[in-house]
Every structure is written in C-alpha cells, then in structure tokens.
Number of protein chains: 2
Amino acid sequence: MIIARPYTEALERLKSMGLRPTRQRMALARILFEAGDRHITAEQLHTESQAANVRVSLATIYNTLHQFTEVGLLNEVVVEPGRSYFDTNVSNHHHFYNEETGELVDIRAESIRLDALPESPEGTDVRRVDVIIRVRSAG
Amino acid sequence: MIIARPYTEALERLKSMGLRPTRQRMALARILFEAGDRHITAEQLHTESQAANVRVSLATIYNTLHQFTEVGLLNEVVVEPGRSYFDTNVSNHHHFYNEETGELVDIRAESIRLDALPESPEGTDVRRVDVIIRVRSAG
DNA sequence: ATAGCTGCAAATGCTTTGCAAGGCC
DNA sequence: GGCCTTGCAAAGCATTTGCAGCTAT
C-alpha cells in the first residue's frame, strides 16, 4: 500500500521513540520529515500546519518540537537571540547562517576538519560541537 | 597619576570609538574592561553596576551593550535562546559552553585547527566563524 | 480506566521602544 | 543651543505554564 507509507513511517518513528502517535504529533511529524532536511521555527511550523488544515495550537507546537528534540528526532540550532530553529537533520553536521535573511544551510561534517580540539574544562564531557559560519550578502 | 589611569583608559576607549563619554558609559566601560576578559549578560551587568553604586537603567544597559558591540568593543555570543552574552574579548576565538551552569570559557583561536572550510553560499561573504563546544558535567 | 496529551489563555522573561527630561560639546 | 543620551514605563516577542477536557492504549 504505497499511499499509506508516509503515514506508517511517521507512526513508526513516533512509536519507536516512545511517543504516543496522536493526531497532532502525526501531522507535525509528516510536515517535518517528509520533505527532507529542513530548518524550521515554531512559528513557521504553526503556519504550515494551518495551511495543511491541521489544527494545532502554538503551545502544542512548542511542546512537540521539544519532545522531538529530547528523543533525538530534531536538533535545536541557536544562532540568534530570541528565536530557535529546529533541524530535521540530526546527523553530525554544521551550518552556514545568513544574518540578513535568517537562512540556515547545512554543512556536512566532513567538509570541516576540526583538529586539535582542546580538552573540555575539569569535570565536564563534550556533548556536541557546533560550528556556525556567519555570512552576509557580498559587498 | 596612577589613580587616574583606569578613568583615562575608559575615556579614551569611548572617544576613540566616537561615543560620548557619559557617566553611564564610563561606569559600564570600567566594569566591563577593567577586570580582564569576561562574559556577561545584560542582567548581570545591571546587578553589578547597582552593586557599584552606579545608577543605570536596564534600558541603558541594553543600549550600551549594543552600541559597544556595534563599534567593536564587545562581541555578542549566542548560545542559548532567550539570553545574550557579551564578551569583552573581541579577538578571534571560540567557546566552551556549559549547558548546566551557563558558564562560558574562552578557547584561543589557535587551539582549534579549522581546515577545509567550504565555500560560503553564492553571493555571500563569511563574516565570522563561531565554534561552540557544548559540555556537561561528566557522568 | 488512566496516564498521557492538547488547547486555551494567562504568565513569564528578555529585550526594545516612545517620549520627556537631562547632559555633553 | 543643539543634538545625543538617559530613564521610565509600556509595549513587544518568543516561549512556557496551569489546568480543564480529551484521547490513545
């Protein structure tokens, strides 16, 4: 049943993470994951779900984005004070950030050679290394 | 006149950047720059200036931090949604960020070898490269 | 049945703004 | 004097929370 595959995929994705496949989560999962890698804000996701005739409150959007992030379905990217981006690409990678347009572009991890990382401070473990290349329109 | 030197330094720092040396800016400049490299939030600076018996409104703290950043006296560091850190070290360097304590620690630029940076997207110039090593208490 | 979700609206937290009063050149 | 600064209070945004009602298992 070809037509049912996206539905099944979203369902399995949620169940495998121990999240109940509610109507809202299913709809958001499909918007987020069916279109390949993307970077999205809560507000954008809210707008998209309304455009898709899915009624989901902003509060639920936030809850869902954070739950997805906690279980590893999303990555939160912090590039600007006062606005969070969520990245559907959870593999190890980095970002270009256009400060004028707000656009994020993925950089494959292998495209940057990170050498000679210093030791983390006493009593701490490295959780993640984020490289953000901030760009602007060429002048 | 040894005693006057910190005052003179702050004065020159502001004047050379084309900022009027007002009472508030002078006081904040001294708090920020006399203690060596530091990472501070608007709220922290507000608290410190009150502790130093300097009356400065929060609005002015924000204005001043942004003005200082614009003229290159400070660097803004974005590590967490909803909170901005300002770094008195404006040289090229990177950061450890402890997600539990909120503490930032400088990493000298030479401590990280960044190779093979990819080309920035069509029509854009690189403005800055930020490396943030996110750490947590060792488990 | 019941533990977990959702939605709404109110609350929060940080930051910005409008505007009158004050201060530097 | 004139223009830049400041302070206050109010407004603005993105995000979070409390709680009553709903829903998946």
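Chain letters run A, B, ... following the sequence lines, proteins first, then strands; residues in each count from 1.
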Query raised in the report: Sub-3.5 Å donor-acceptor pair from the side chain of His46(B) to the main-chain atoms of Ala42(B), do we have one?
Result: no
Query - Outermost DNA chain C nucleotides near chain B [under 4.0 Å, heavy atoms] - result: dC14(C) to dC25(C)
Query raised in the report: Quick one: does Thr64(A)'s side chain have a donor or acceptor within less than 3.5 Å of a partner on Thr60(A)'s backbone?
Result: yes
**Report entry** Sub-6.0 Å ring centroid separation between His66(A) and Phe86(A)
**Finding:** yes
Query - His95(B)/Val105(B) under side chain to side chain contact (heavy atoms under 4.5 Å, CB included): CA gap, chis, key distance, verdict - result: CA-CA 5 Å; His95(B) 296 99; Val105(B) 177; over 6 Å; no
Report summary line: Here the distance between atom P of dA24(D) and atom CG of Leu11(A), to the nearest Å, is 12 Å
Query raised in the report: Hey, are the side chains of Ile133(A) and Arg128(B) touching, using non-hydrogen atoms and a 4.5 Å cut-off?
Result: no
Query - End-to-end axis angle, where each axis spans five pairs of the helix from dA1(C)-dT25(D) to dC25(C)-dG1(D), to 10° - result: 30°
**Report entry** Side chain proximity check, Asp87(B) to Leu104(B), heavy atoms < 4.5 angstrom
**Finding:** no
Report summary line: Residues of residues 73-83 of chain B with a heavy atom under 4.0 Å from any atom of DNA chain D, listed by number, are none
Query raised in the report: Any side chain to side chain donor-acceptor pair (under 3.5 Å) pairs touching residues 13-25 of chain A, not counting sequence neighbours?
Result: Arg25(A)-Gln67(A)
Query raised in the report: Are side-chain heavy atoms of Asn98(B) and Arg136(B) found at a separation under 4.5 Å?
Result: no
Query - Reference residue His93(B); test side-chain hydrogen bond (donor to acceptor under 3.5 Å, both in side chains); the match among Asn75(B), Asp37(B), Asp106(B) - result: Asp106(B)
**Report entry** Thr41(B) side-chain N/O to Ser84(B) backbone N/O, donor-acceptor pair under 3.5 Å
**Finding:** no
Query raised in the report: Under 3.5 Å, is there a donor-acceptor pair between the side chain of Arg134(A) and the main chain of Val79(A)?
Result: yes
Query raised in the report: Can you find a pair of side-chain heavy atoms, one from Asp130(A) and one from Val131(B), that are under 4.5 Å apart?
Result: no
Requested in this report: Give me the residues of residues 46-66 of chain B where at least one heavy atom lies under 4.0 Å from an atom of DNA chain D, by number, or none.
Outcome: Arg55(B), Val56(B), Ser57(B), Ala59(B), Thr60(B)
Requested in this report: Side-chain contact test, heavy atoms from C-beta onward, threshold under 4.5 Å: evaluate it for Val135(A) versus Asp125(B) and give yes or no.
Outcome: no
Query - Donor-acceptor under 3.5 Å (Ser111(B) side chain, Ile107(B) main chain) - result: no
Report task. Go through residues 12-24 of chain B and report each residue with a non-hydrogen atom lying under 4.0 Å from DNA chain D, sorted by number. Result -> Arg20(B), Thr22(B), Arg23(B), Gln24(B)
Query raised in the report: What do you reckon, is CD of Glu100(B) surrounded by more than 12 foreign heavy atoms closer than 6.0 Å?
Result: yes
Query raised in the report: Across the strands shown, which category fits Ser84(B) at heavy-atom distances under 4.0 angstrom: base, sugar-phosphate, nothing?
Result: sugar-phosphate
